[in-house]
K.L.:
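Here it is, the structure, as structure tokens.
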Amino acid sequence: MHKQVSSGINFTIVCIGFYVLFILLFSRSLADYDLWGYLSFGRIFWENGYFPYQDIFSYTPTKPLWIYHEWLTGVILYPLIKHLGSAGIQLLRYVFIVMTIFMMYRTAALRGASPVFTFTSISVGLILMSWGYATVIRAQIFTYFFFALSLFIAEYARKENNYFVLLWLLPIHILWCNLHGGFIAGLGLIALYALGEGLSGRRFAPFFLIFLGSCLATLINPYGIEYWRYLVDAIIMPRPDITEWQSVLKSLKMKTFVVPSIIFLSLSIISITAIISRGKRYLTELLIVATLTYLGMKHIRHTVFLGIVFGVFMPVIIMETVNRVTKYKLYFKKVWLTPLLLVCFYLSISLIVGMLPSSIATRSLSRKKIIPAFSLAAPSPVYPAGALKWLEQNSFEGNILPVFHWGQYFIWTTYPQCKVAIDGRYETVYADNTQKEFFNFSHGREGWKIFLDKYPHDALVLLPNTNIYFLLLKEPGWKVVYSDQGSAIFLRRDIIRK
């Protein structure tokens with residue numbers, strides 16, 4: 001009876017601490033730049049009644065086939081915002097976060113970890129994961145969920161010796177590949193299970209066969225084999241001007257994602273060291289963690305996956321270590337010690353998270369509430385709210401050259417009256433040469449005028465007090481007609497005279 005009461009107290013502490021941590025990490029209202037691209041595609045699909053295979057939003061040269069690997073995300077999100085508003089989108093986001101955490105919990109439990117060790121390990125993993133959910137909403141939420149689900153299926157197959165369950169990965173990858181190109185992470189996970197199980201002398205053929213089957217299943221998409229041709233190019237192409245594609249070391253050097261980088265490096269060292277200490281029976285886990293460490297080091301955006309596997313693989317390892325220690329230390333068996341340690345853990349971790357930058361811990365008013373935020377915000381200066389209002393008040397119609405990450409927002413708010421020069425859809429729409437010319441322009445590099453003179457821009461919406469802003473002030477053909485702390489509008493002088 002005494003043990004049951006103690007377990008109940010522990011469970012209550014964990015639930016309260018976990019909920020507070022969830023609010024701190026995931027209660028966000030800032031809209032993601034990519035959200036507007038999803039919604040714009042969804043609007044065309046539902047309102048115009050057709051599937052756009054060619055770009056219709058840009059006036060610069062685009063690829064003959066627009067392979068939009070997130071098309072189904074837009075098809076899902078548009079009806080939500082149309083009928084339920086921002087609350088519908090936020091609800092979907094929270095549901096997928098909770099389902100991802102649940103799959104992590106179920107997988108750790110399947111591996112033999114207790115609830116207390118599972119939730120505390122997941123809590124640590126969530127700090128790293130949370131920056132992947134920093135804004136509302138990205139198609140990555142589907143990838144994170146399906147990755148966690150695939151982990152559960154793979155672990156269930158080898159734990160229960162029931163490899164028929166792997167067949168669920170076929171429909172999962174059909175859905176996954178149409179929601180987000182991150183399905184590659186799922187295929188890689190299956191391949192690592194096949195390799196790890198084979199090297200460990202365990203049954204690997206089912207994983208290998210389901211890997212082949214899942215690859216074929218991803219051909220069920222609107223673009224067929226062209227999707228894979230695009231994907232290969234997208235995977236190997238450099239993205240030096242996109243910060244989330246920077247390496248961890250470059251992120252630390254440039255001070256762009258310092259906190260996620262430090263957390264990632266710490267969890268990588270802890271995970272690899274702990275797994276190596278367990279011996280050959282953890283070879284599959286070691287391959288997975290080592291691969292995710294490499295991918296995270298290469299591109300900061302991939303570090304989220306390590307947070308997921310940390311919450312799945314580490315609980316049972318930590319539990320085994322603690323059990324060995326408590327076997328010889330009787331004072332660890334005091335019934336009051338575990339609740340005290342849990343209170344200290346969640347209090348400490350919540351205080352630490354609360355002091356982290358907004359990229360990890362939300363700074364919205366919802367942080368002071370006991371319920372998650374359900375609003376959707378696009379505030380200045382993160383978004384060019386003032387510039388957009390000026391364009392609307394002046395009934396502007398024409399071609400807009402925006403800051404790169406604002407492009408999809410202008411597509412959503414001004415199409416069809418306006419088209420954009422470039423936007424965050426990046427390699428899915430624009431040729432390499434067009435991208436290069438644009439980034440030379442936006443950074444004011446040598447040859448920056450090529451992009452300005454080559455295409456029929458009517459308005460430029462830029463960040464004030466930047467290199468390109470000051471260069472354009474000297475251009476006789478352009479004039480600033482609006483400026484605030486977050487954005488500035490340049491119009492062609494011949495348009496002003498008209």
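In what follows, every heavy atom counts, from backbone to side chain, and hydrogens, waters and symmetry copies are set aside.
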K.L.:
Can you see which heavy atom on V316 is nearest to which on R111, and at what distance?
P.N.:
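In this case the closest contact between V316 and R111 is CG2-O, 3.6 Å.
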
K.L.:
Would you check if there is a donor-acceptor pair between the side chains of T107 and E155 at a distance under 3.5 Å?
P.N.:
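No pair is found: no donor N or O on one side chain lies under 3.5 Å from an acceptor on the other.
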
K.L.:
With a 3.5 Å distance limit and no angle check, can you tell me whether N161 reaches the backbone of A157 through a side-chain donor-acceptor pair?
P.N.:
no

K.L.:
Would the Y94 and F26 ring centres measure less than 6.0 Å apart?
P.N.:
no

K.L.:
Decide whether W228 and T218 meet the rule of one side-chain donor and one side-chain acceptor closer than 3.5 Å.
P.N.:
yes

K.L.:
May I have the step-by-step check of side-chain contact (heavy atoms from CB on, under 4.5 Å) for M129 and T100, ending in yes or no?
P.N.:
CA-CA 11 Å; M129 291 171 57; T100 302; 4.1 Å; yes

K.L.:
Any idea which heavy atoms bring F204 and A194 closest together, and the distance?
P.N.:
CB-O, 3.2 Å

K.L.:
Just wondering, do Y230 and H69 contact through their side chains at under 4.5 Å, heavy atoms?
P.N.:
yes

K.L.:
More than 12 non-hydrogen atoms from neighbouring residues, nucleotides or ligands closer than 6.0 Å to CE on M254, yes or no?
P.N.:
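Counting other residues, nucleotides and ligands, CE of M254 stays at 12 neighbours or fewer.
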
K.L.:
Under 3.5 Å, side chain of E226 to main-chain N/O of I67, donor-acceptor pair present?
P.N.:
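Checked: no pair found.
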
K.L.:
Which is it for V312 and T118 under the side-chain contact (heavy atoms from CB on, under 4.5 Å) test, yes or no, and what are the steps along the way?
P.N.:
CA-CA 8 Å; V312 170; T118 298; over 6 Å; no

K.L.:
Between L30 and P379, is there a side-chain heavy-atom distance shorter than 4.5 Å?
P.N.:
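Yes, at least one pair of side-chain atoms sits under 4.5 Å.
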
K.L.:
Show your working on ring pair (Phe, Tyr, Trp, His ring centres under 6.0 Å) between F119 and Y105 and close with a plain yes or no.
P.N.:
CA-CA 7 Å; F119 274 109; Y105 172 81; 5.0 Å; yes

K.L.:
Between E244 and K250, is there a salt bridge with N-O shorter than 4.0 Å?
P.N.:
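Not counted as a salt bridge, because no side-chain N and carboxylate O are separated by less than 4.0 Å.
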
K.L.:
Between I269 and T273, which heavy-atom pair has the shortest distance, and what is it?
P.N.:
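Minimum heavy-atom separation between I269 and T273: O-OG1, 2.7 Å.
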
K.L.:
Would you say the side chain of F145 lies within less than 4.5 Å of the side chain of I141, judging by non-hydrogen atoms?
P.N.:
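Side chain of I141 against side chain of F145, heavy atoms only: no contact under 4.5 Å found.
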
K.L.:
Assess, by modelled atom type and distance only, whether the side chains of Y133 and Q140 contain a donor and an acceptor separated by less than 3.5 Å.
P.N.:
no

K.L.:
Does the salt bridge (charged side-chain N to carboxylate O under 4.0 Å, His left out) test come out yes or no for R239 and E427, once each step is laid out?
P.N.:
CA-CA 10 Å; R239 295 176 175 87; E427 81 282 350; 3.4 Å; yes

K.L.:
In this structure, which one of W176, F147, F96 forms a ring-ring contact (aromatic ring centres under 6.0 Å, His included) with F142?
P.N.:
F96

K.L.:
State the OG-CG distance between S86 and L91, to the nearest 0.5 angstrom.
P.N.:
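If we round to the nearest 0.5 Å, S86:OG and L91:CG are 11.0 Å apart.
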
K.L.:
Is the H302 ring parallel, tilted or perpendicular to the W245 ring (thresholds 30°, 60°)?
P.N.:
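H302 vs W245 ring planes: perpendicular.
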
K.L.:
State whether a side-chain donor-acceptor pair under 3.5 Å links W406 with S487.
P.N.:
no

K.L.:
With a 4.5 Å limit on heavy-atom distance, are the side chains of V304 and L128 in contact?
P.N.:
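The answer is no; the side chains never approach within 4.5 Å.
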
K.L.:
With ring centroids as reference points, do Y68 and F41 lie under 6.0 angstrom apart?
P.N.:
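Yes; F41 has its ring centre under 6.0 Å from that of Y68.
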
K.L.:
Counting heavy atoms not belonging to E446, are there more than 12 under 6.0 Å from its CD?
P.N.:
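Not more than 12 within 6.0 Å, no.
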
K.L.:
Within the structure provided, determine whether Y163 and L166 are in side-chain contact (heavy-atom separation under 4.5 Å).
P.N.:
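Side-chain contact under 4.5 Å: yes.
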
K.L.:
For R445, is there an ion pair with E437 - N to carboxylate O distance below 4.0 angstrom?
P.N.:
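A salt bridge is absent here (no side-chain N lies under 4.0 Å from a carboxylate O).
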
K.L.:
Show me the side-chain donor-acceptor pairs of residues 13-25 shorter than 3.5 Å, one per line, residues at least two apart or across chains.
P.N.:
unit_1: Y19; atom_1: OH; unit_2: I370; atom_2: O; d: 2.3

K.L.:
Would you please test Y383 and W36 for side-chain hydrogen bond (donor to acceptor under 3.5 Å, both in side chains) and show each step?
P.N.:
CA-CA 12 Å; Y383 281 91; W36 315 110; 2.9 Å; yes

K.L.:
Please determine whether the number of non-hydrogen atoms from other residues, nucleotides or ligands lying under 6.0 Å from atom NZ of K436 exceeds 12.
P.N.:
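No - once you tally the heavy atoms of other residues, nucleotides and ligands closer than 6.0 Å, there are 12 at most.
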
K.L.:
State which residues pass side-chain hydrogen bond (donor to acceptor under 3.5 Å, both in side chains) with Q408; sequence neighbours excluded, sorted by chain then number.
P.N.:
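With sequence neighbours excluded, Q408 shows a side-chain hydrogen bond (donor to acceptor under 3.5 Å, both in side chains) to D34, given in chain and number order.
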
K.L.:
Check R278 with E285, please: is the shortest side-chain N to carboxylate O separation under 4.0 Å?
P.N.:
no

K.L.:
Cationic tip of R425 within the cone over W66's six-membered ring, i.e. under 6.0 Å and within 45° of the normal?
P.N.:
yes

K.L.:
Is L189 close to I288 at the side-chain level, that is, under 4.5 Å between some pair of heavy atoms?
P.N.:
yes

K.L.:
Can you tell me how far CG of L286 sits from CG of L192, rounded to the nearest 0.5 angstrom?
P.N.:
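That separation rounds to 10.5 Å.
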
K.L.:
Show your reasoning for whether ring pair (Phe, Tyr, Trp, His ring centres under 6.0 Å) applies to F404 and F441.
P.N.:
CA-CA 11 Å; F404 175 74; F441 165 83; over 10 Å; no

K.L.:
For ring pair (Phe, Tyr, Trp, His ring centres under 6.0 Å), just list the numbers for Y409 and Y33, CA-CA rounded to whole Å, side-chain angles, deciding distance to a tenth of an Å, and then say yes or no.
P.N.:
CA-CA 7 Å; Y409 186 57; Y33 297 123; 8.6 Å; no

K.L.:
Run L376 and I137 through side-chain contact (heavy atoms from CB on, under 4.5 Å) and show every step you take.
P.N.:
CA-CA 10 Å; L376 188 63; I137 182 174; over 6 Å; no

K.L.:
When you compare the side chain of T135 with that of L35, does any pair of heavy atoms fall below 4.5 Å?
P.N.:
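A side-chain contact is absent here, since even the closest heavy-atom pair is not under 4.5 Å.
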
K.L.:
Could you check whether D423 and Y430, counting side-chain N and O atoms only, form a donor-acceptor pair closer than 3.5 Å?
P.N.:
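A donor-acceptor contact under 3.5 Å links the two side chains.
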
K.L.:
For L169 and S214, which heavy atoms make the closest approach, and how far apart are they?
P.N.:
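Looks like O-OG, 3.9 Å.
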
K.L.:
Quick one: do W448 and S442 satisfy side-chain hydrogen bond (donor to acceptor under 3.5 Å, both in side chains)? Show the steps, please.
P.N.:
CA-CA 8 Å; W448 67 272; S442 67; over 6 Å; no

K.L.:
Taking the side chain as every heavy atom from C-beta outward, state whether M237 and Y426 have any atom pair closer than 4.5 Å.
P.N.:
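Yes, their side chains come closer than 4.5 Å.
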
K.L.:
List the steps and the verdict of ring pair (Phe, Tyr, Trp, His ring centres under 6.0 Å) for F305 and Y144.
P.N.:
CA-CA 7 Å; F305 294 107; Y144 302 147; 5.7 Å; yes

K.L.:
Angle between ring planes, Y193 versus F207, binned at 30° and 60°: parallel, tilted or perpendicular?
P.N.:
parallel

K.L.:
Do F439 and F451 have their ring centres less than 6.0 Å from each other?
P.N.:
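Ring centroids of F439 and F451 are no less than 6.0 Å from each other.
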
K.L.:
Just by distance, no angles: are the side chains of W412 and Y38 close enough, under 3.5 Å, to form a donor-acceptor pair?
P.N.:
no

K.L.:
Give a yes or no on this: more than 12 heavy atoms of other residues, nucleotides or ligands lie within 6.0 Å of atom OH of Y156.
P.N.:
no

K.L.:
Roughly how far, to the nearest 0.5 Å, is CG of L175 from CG of L72?
P.N.:
6.0 Å

K.L.:
Could you give me the CA-CA distance, side-chain angles and deciding distance for S271 and F313, then say whether side-chain contact (heavy atoms from CB on, under 4.5 Å) is met?
P.N.:
CA-CA 8 Å; S271 300; F313 292 157; over 6 Å; no

K.L.:
Considering residues at least two apart in sequence or located in another chain, which fulfil the side chain to side chain contact (heavy atoms under 4.5 Å, CB included) criterion with S251?
P.N.:
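With neighbours one apart ignored, the set is Q246, T256, F257, S261, I300.
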
K.L.:
Between M297 and S247, what is the shortest heavy-atom contact and its length?
P.N.:
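Looks like O-CB, 3.1 Å.
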
K.L.:
Closest heavy-atom contact between R28 and V136?
P.N.:
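Heavy atoms only, the tightest pair is O-CG2, 3.6 Å.
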
